[in-house]
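Comments concern the structure below.
Lettering of chains follows the sequences in order, A, B, ..., and the numbering in each one begins at 1.
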Number of protein chains: 2
Amino acid sequence: MRVSENELLFLTDDGIRQHIELLFFAYKSFTSDPDQILEKNGLGRAHHRALHFINCRPGLTVSELLDVLGITKQSLNRVLRRLIELEYVQSEIGSLDRRERHLSLTEKGSRFEQELSTAQRKRIREAFLKAGPEAVGGFRKVLGHIIDPSLDEMVEKFGTGQKDRG
Amino acid sequence: MRVSENELLFLTDDGIRQHIELLFFAYKSFTSDPDQILEKNGLGRAHHRALHFINCRPGLTVSELLDVLGITKQSLNRVLRRLIELEYVQSEIGSLDRRERHLSLTEKGSRFEQELSTAQRKRIREAFLKAGPEAVGGFRKVLGHIIDPSLDEMVEKFGTGQKDRG
DNA sequence: TCACATATGTCAGCATTATTGACTTTAATC
DNA sequence: GATTAAAGTCAATAATGCTGACATATGTGA
């Protein structure tokens, strides 16, 4: 298919619908690998997300974690209590502001997070290899534009400028 | 960044991690538009998914819907009962096999599905417009490779061959 | 026709993850 | 000292998934 035809077709309702389904099934596959590991350990997806963000920004406060996850304090509390009880996460009183709790992974938690993210990265890495760098660039570009501007702060805070707005 | 550098970087653990976060936030944004409409109507994401697949394959049986959604009969039942009770979905006894129930949207259900999908398509369409057709091609290509081969059947059954394996 | 398989529907119970509202404790700030 | 802010907790509710058990209607093949 030539680009000129593509330009006509990729914005039709049906074209968009097909991409929506692809995204649905891809996201389902994307979460399935860590989900299996989590289940073995009696944890859920919520624990994974918390571990992920604590891992990539060690020392973040509970408030910051709430913001990035976009859930309520009460929802996070249950998850966090479990992670601390399992000694995956440690909570330290802030040195500047003693009201704050700074969260980080323990060595045990770090190992578990590695196990989870390795499984997830494997699928993505293999997809990227098959698709090639140019396709990955397009993938990133589209994702960046799908993201709501209200979440930009999170992406920039926790990522490192990969949200290409080309 | 030149492609040669890109090729070195796009497969590193950190590069992959950034893309994983993009996918997380993008999926969150992607579901937020219909979620708001659903909430107003006292329904959830599960109802949306059911409406979506009934809409794009009218007359499908309960079994087929179960397969494509990947949930249990009991989980679907609650959702489907509600949709039928609201007169969004109608269930008709199969003419060839009277055990089967063939599902389709009523006019009311069709209008509601339109409302939901229009909101969702709007975000995707705008992202596609900003990203351009080449990026969309890459997006599709990567998604296709992320999808687990076990789900291919669903994609092919309900899509129309857009899963480009480049 | 009888036995079995299949498609669907339903009941009860449970887990996870989200919500809201109300409240406490501790600490910082004005 | 009063107010604000960060964190933690308790209770109730809801949506969505699960398993197990079972009922009903229908198709199929011995």
Side-chain angles (χ1 to χ4, degrees), chain A residues 24 27-28 31-32 34-54 59-86 89-104, chain B residues 24 27-28 31-32 34-54 59-86 89-104:
Chain A
F24 169 70
Y27 199 81
K28 194 166 183 162
T31 54
S32 67
D35 278 359
Q36 284 193 306
I37 299 170
L38 287 159
E39 202 190 355
K40 274 196 317 191
N41 290 269
L43 299 173
R45 211 173 283 179
H47 302 92
H48 182 194
R49 290 198 292 265
L51 288 171
H52 175 96
F53 287 110
I54 295 171
L60 91 174
T61 65
V62 173
S63 281
E64 287 168 339
L65 185 56
L66 284 173
D67 278 352
V68 73
L69 291 173
I71 58 173
T72 60
K73 184 177 52 167
Q74 296 90 329
S75 296
L76 178 59
N77 190 258
R78 216 173 332 115
V79 169
L80 211 47
R81 210 188 313 180
R82 186 80 202 283
L83 291 175
I84 290 171
E85 168 194 309
L86 287 170
V89 169
Q90 56 196 3
S91 168
E92 285 170 296
I93 293 176
S95 51
L96 291 171
D97 187 333
R98 291 173 52 79
R99 290 172 304 182
E100 292 175 343
R101 294 300 126 94
H102 295 270
L103 306 170
S104 56
Chain B
F24 170 70
Y27 198 80
K28 194 167 185 162
T31 54
S32 67
D35 278 358
Q36 284 193 307
I37 298 170
L38 288 159
E39 202 189 356
K40 273 195 316 190
N41 291 269
L43 299 173
R45 212 172 281 180
H47 301 92
H48 182 191
R49 290 197 292 264
L51 288 172
H52 174 94
F53 288 110
I54 295 170
L60 91 174
T61 65
V62 173
S63 282
E64 287 167 340
L65 185 55
L66 283 174
D67 278 351
V68 73
L69 291 173
I71 59 175
T72 60
K73 184 177 53 164
Q74 296 90 328
S75 296
L76 177 60
N77 190 257
R78 225 174 349 199
V79 169
L80 209 48
R81 210 188 314 180
R82 186 79 201 284
L83 291 175
I84 290 171
E85 165 195 310
L86 286 169
V89 169
Q90 57 196 3
S91 168
E92 286 171 295
I93 294 176
S95 53
L96 291 172
D97 187 334
R98 290 174 53 79
R99 291 171 303 178
E100 293 176 342
R101 294 301 124 93
H102 296 268
L103 305 170
S104 56

field: Proximity to the side chain of A:D97 - top-ranked nucleotide from C:dA18, D:dT19, C:dA28
entry: C:dA28
task: Return the nearest nucleotide to the side chain of A:Q74; candidates are C:dG9, D:dT9, C:dA18.
output: D:dT9
- line: Out of D:dG17, D:dA7, D:dA5, minimum distance to the side chain of A:E100 belongs to D:dA7
- request: Taking B:N41 for its side chain and B:L43 for its backbone only, find out whether a donor-acceptor pair lies under 3.5 Å.
  value: no
message: Counting the atoms with a prime plus P, OP1 and OP2 as sugar-phosphate, which does A:R81 contact under 4.0 Å by heavy atoms, base, sugar-phosphate, or nothing?
response: sugar-phosphate
field: Five-pair end axes of the helix from C:dT1-D:dA30 to C:dC30-D:dG1, angle between them (10°)
entry: 10°
field: Candidate nucleotides D:dG17, D:dG8, C:dG9, ranked by approach to the side chain of A:V62 - the nearest
entry: D:dG8
- line: Closest to the side chain of B:H47, out of C:dT19, D:dT16, C:dG9, is D:dT16
field: Sugar-phosphate only, base, or nothing, as touched by A:R82 at under 4.0 Å among non-hydrogen atoms
entry: nothing
- request: Looking at every strand, decide which applies to A:S63 at a 4.0 Å heavy-atom threshold: base, sugar-phosphate, or nothing.
  value: sugar-phosphate
message: Once you apply a heavy-atom cut-off of 4.0 Å, does A:N77 come out as touching a base, just sugar-phosphate, or nothing?
response: base
query: When all nucleic acid strands are considered with a 4.0 Å heavy-atom cut-off, which category describes B:L96: base, sugar-phosphate, or nothing?
result: sugar-phosphate
